[in-house]
Structures are given as structure tokens and as C-alpha cells.
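These notes are about the structure you will find just below.
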Amino acid sequence: MYEGSFHGNLVMNEGATNAPTCGGCHGSHGITSTTTREFRVSILDMCSRCHGGRAASYLDVYHGKAFKLGDDSAAVC
């Protein structure tokens with residue numbers, strides 16, 4: 001899954017040395033399945049650590065509003 005992600009592409013295909021790895025964001029014991037609501041709820045805080053300010057704009061658009069209202073199929077980061 002990481003290999004197909006934006007950050008994985010930076011590391012695996014573009015040789016980036018400063019892109020985050022799984023453990024850098026989730027910690028070695030905090031990785032949860034991306035299919036769980038727990039993951040989907042935590043993703044905004046997790047991404048905001050490096051991409052600060054983006055969470056607010058996400059919550060202003062359709063996907064963010066739908067997710068906040070409980071639509072688990074709405075797009076998140």
C-alpha cells in the first residue's frame with residue numbers, strides 16, 4: 001500500500017530521502033488498517049503534523065463535511 005501512495009512514490013521511484021515512511025507517521029506500533037473508521041478519523045490529525053492548515057480546508061469542502069457527518073465512504077487524505 002505504501003509503495004502505491006504519494007509518499008511511497010517519492011521514496012521508491014524518485015529517490016527522495018526526506019519523504020515520510022509508514023513508521024514516521026504512525027509509529028511502529030500505531031499502524032492500523034486503512035479500512036477502519038479509527039484510521040479514517042485519525043488521518044486528518046496525522047497529516048496535519050506535516051501539512052498544517054490543510055485539515056481546515058478539507059473540512060470546508062463536500063468530502064470533509066460528508067465525512068464529519070458520518071459518511072464513511074467520503075474521501076479523506
Side-chain angles (χ1 to χ4, degrees):
M1 185 172 283
Y2 176 74
E3 188 175 357
S5 73
F6 178 79
H7 293 132
N9 180 60
L10 291 175
V11 172
M12 310 246 182
N13 299 320
E14 297 185 26
T17 58
N18 61 346
T21 60
C22 299
C25 295
H26 303 274
S28 59
H29 297 285
I31 298 173
T32 60
S33 172
T34 58
T35 61
T36 64
R37 177 139 181 92
E38 175 188 8
F39 173 80
R40 295 173 62 78
V41 167
S42 71
I43 193 93
L44 285 177
D45 289 333
M46 189 182 331
C47 295
S48 291
R49 288 185 224 149
C50 295
H51 301 281
R54 299 288 195 319
S57 64
Y58 167 74
L59 293 172
D60 286 340
V61 297
Y62 172 80
H63 296 296
K65 290 177 182 181
F67 182 71
K68 193 171 182 179
L69 290 171
D71 182 355
D72 286 347
S73 66
V76 294
C77 295

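- One distance of note links OH of Tyr58 with NZ of Lys65; it measures 12.0 Å at 0.5 Å rounding.
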Inset, instruction - Using the salt bridge (charged side-chain N to carboxylate O under 4.0 Å, His left out) rule, take Asp72 and Arg40 through it: C-alpha gap first, then chi angles, then the decisive distance, then the call. - result: CA-CA 8 Å; Asp72 286 347; Arg40 295 173 62 78; 5.1 Å; no
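- Distance OG1/Thr21 to CG/Leu10: 12.5 Å, rounded to 0.5 Å.
- When side chains are defined from C-beta on, Leu59 does not count as touching Phe67, because their heavy atoms never get closer than 4.5 Å.
- The environment of CD in Glu14 is crowded: more than 12 heavy-atom neighbours from other residues, nucleotides or ligands sit within 6.0 Å.
- A distance of 12.0 Å separates NE2 of His51 from CG of Leu44, quoted to the nearest 0.5 Å.
- Between Ala19 and Val11, the shortest heavy-atom distance links the atoms CB-CG2, 3.7 Å.
- Using modelled atom types, one side-chain atom of Ser5 and one backbone atom of Tyr2 make a donor-acceptor pair closer than 3.5 Å.
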